[in-house]
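To start, the structure under review is shown below, and the notes come after it.
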There are 2 protein chains.
Amino acid sequence: MLRLSKKTEYALIALKDIALNSRIQLMTAREISENHQVPRDLLAKILQTLTHHSIIRSVQGAKGGYILNKPVEEITLLGLIEILDGPAGLMECSLPEPVNCTYLDTCSIRCQLALLNQKILAMLQGITLRHFLRNELKAVLG
Amino acid sequence: MLRLSKKTEYALIALKDIALNSRIQLMTAREISENHQVPRDLLAKILQTLTHHSIIRSVQGAKGGYILNKPVEEITLLGLIEILDGPAGLMECSLPEPVNCTYLDTCSIRCQLALLNQKILAMLQGITLRHFLRNELKAVLG
DNA sequence: TTTTTATACGACTAAATATGTCTTATTTCA
DNA sequence: TGAAATAAGACATATTTAGTCGTATAAAAA
Ligand code: SF4
Ligand code: SF4
């Protein structure tokens with residue numbers, strides 16, 4: 001299928017919350033989880049992963065939490081997908097991993113799909129957290 | 001993830017073969033399977049599904065096989081995906097099925113994602129089998 | 001009429017992925 | 001010291017995807 005993972009959705013929801021509060025205070029996983037009815041443990045792991053990739057910064061201990069670590073313009077949807085779900089690509093052969101597909105050499109649709117893949121990834125890279133804060137998506141998507 | 005299913009890829013490969021031979025003769029599942037090293041039984045089921053949806057027409061018995069049943073311009077990538085994998089959509093809440101997502105009401109990213117979803121589906125609908133026959137994709141994708 | 005070659009159909013299995021939970025450790029503040 | 005938070009990773013479950021198998025049916029050819 002062609003679906004965004006829940007992890008990605010949860011990340012967007014959380015990042016939006018964090019972004020909107022960044023100047024005021026740290027946000028905890030608990031707060032975000034309760035705001036949006038997202039499974040807490042899962043959200044926590046997502047936020048940890050985002051921390052590893054320097055999307056957000058964490059503060060441990062009581063009164064701890066998360067805060068943005070990048071300008072909202074630099075947090076792209078494609079970036080989040082790749083951080084949380086691994087390399088993105090429409091076809092197996094568009095991924096960096098070792099490719100198992102045995103049709104590679106003789107595949108009759110590979111270049112057409114590669115072109116499509118390129119366009120979709122470019123679209124996803126063009127969308128940033130900023131577009132989720134305000135309703136600026138229209139401008140980007142034409 | 002954000003991946004085309006193997007079923008869809010196999011369908012495209014098969015349809016391209018069928019399209020290129022349609023004026024000459026019927027193509028059998030075996031021929032297509034051998035041409036491209038695609039699992040035969042799986043391919044057969046895919047072709048049956050496509051037959052049900054009138055994308056191709058089947059002829060049973062010896063000397064049987066498949067032939068296109070629609071102009072290549074009317075066979076869209078989105079159509080194939082939906083026939084083979086079910087309704088397409090980036091989010092659960094963009095599907096026709098009963099939606100389980102409990103965040104619906106308060107979801108802070110739904111409209112932005114809905115807009116993105118719309119654009120991607122439109123792109124997929126704009127791509128037809130014709131674009132896989134010749135290399136005309138560039139024109140469509142800009 | 002029998003054999004061969006093909007599609008039709010549905011049940012079944014296996015593998016991969018996605019989603020969610022639990023436990024324990026560590027950090028920090030009050 | 002105790003409460004509240006992140007850190008980390010194992011574990012469990014559910015869903016989806018991919019592939020297989022067996023049997024029935026249809027049509028042409030021998
Ligand atoms: S080579 Fe062809 S069949 Fe294999 S993954 Fe790429 S597009 Fe799909
Ligand atoms: S409502 Fe929000 S969280 Fe639920 S499926 Fe739609 S976009 Fe995703």
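So you know, we letter chains A, B, ... as the sequences are listed, proteins then strands, and number each from 1.
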Which atom names give the shortest non-hydrogen contact between Thr76(A) and Gly79(A), and what distance separates them?
OG1-N, 2.8 Å
Ile67(A) CD1 to dA5(D) P, in whole Å, measures 16 Å
Between CG of Leu4(B) and C1' of dT16(D) the distance, given in whole Å, is 15 Å
Interface residues of residues 74-87 of chain A with DNA chain C (non-hydrogen, below 4.0 angstrom)
none
Treating Lys7(A) as the side-chain partner and Leu84(A) as the backbone partner, does any N or O pair qualify as donor plus acceptor under 3.5 Å?
yes
Scan nucleotides 24-30 of chain C against the protein and return all N/O pairs shorter than 3.5 Å with their distances rounded to 0.1 Å.
| from | atom 1 | to | atom 2 | distance (Å) |
| --- | --- | --- | --- | --- |
| dT27(C) | O4' | Gln60(A) | OE1 | 3.0 |
| dT27(C) | O2 | Gly61(A) | N | 3.3 |
| dT28(C) | O2 | Ala62(A) | N | 3.0 |

Could you check whether any side-chain N or O of Asp17(A) sits under 3.5 Å from a backbone N or O of Ile32(A), counting only pairs where one atom can act as donor and the other as acceptor?
no
Residue from Leu78(B), Asp85(B), Leu124(B) passing side-chain contact (heavy atoms from CB on, under 4.5 Å) with Leu2(A)
Leu124(B)
When rounded to whole Å, the CG to C1' distance for the pair Leu95(B) and dT16(D) reads 14 Å
Okay, side chain of Glu74(A), backbone of Pro71(A): is any donor-acceptor separation there less than 3.5 Å?
no
How do Lys45(A) and Leu2(A) order along DNA chain D: which one's closest nucleotide is nearer the 5' end?
Lys45(A)
Pick base, sugar-phosphate or nothing for Ala29(B), based on heavy-atom distances below 4.0 Å to the nucleic acid.
sugar-phosphate
Considering all heavy atoms, the nearest Met91(B)-Asn117(B) contact:
SD-CB, 4.1 Å
Taking atom C1' of dA10(D) as reference, at what distance in whole Å does atom CG of Leu42(A) sit?
15 Å
Rounded interatomic separation in angstrom, taking CG from Asp41(A) and P from dC11(D):
16 Å
Counting N and O atoms only, with roles assigned by atom type, does the side chain of Gln112(A) sit under 3.5 Å from a partner on the main chain of Phe132(B), one being a donor and the other an acceptor?
yes
Before giving the answer on side-chain contact (heavy atoms from CB on, under 4.5 Å), spell out for Glu9(B) and Leu113(A) the whole-Å C-alpha distance, their side-chain angles and the decisive distance to 0.1 Å.
CA-CA 9 Å; Glu9(B) 290 194 346; Leu113(A) 286 184; 4.1 Å; yes
Minimum-distance nucleotide to Ser5(A) side chain [options: dA8(C), dT19(C), dA18(D)]
dT19(C)
State, to 0.1 Å, how close Pro87(A) and Leu95(A) come at their nearest heavy-atom pair, and which atoms those are.
O-CD2, 3.7 Å
Between NZ of Lys6(B) and P of dA16(C) the distance, given in whole Å, is 13 Å
Heavy-atom donor-acceptor pair, Thr128(A) side chain to Ile75(A) backbone, under 3.5 Å
no
Whole angstrom value for the distance that separates P of dA18(D) from OH of Tyr10(B):
8 Å
Derivation and outcome, side-chain contact (heavy atoms from CB on, under 4.5 Å), residues Ile46(B) and Thr8(B):
CA-CA 9 Å; Ile46(B) 291 169; Thr8(B) 302; over 6 Å; no
Atom-to-atom span, CZ of Arg30(B) to P of dT4(C) - whole angstrom
13 Å
For DNA chain C, which residues of residues 47-58 of chain B approach it to below 4.0 angstrom with any heavy atom?
Gln48(B), His52(B), Ser58(B)
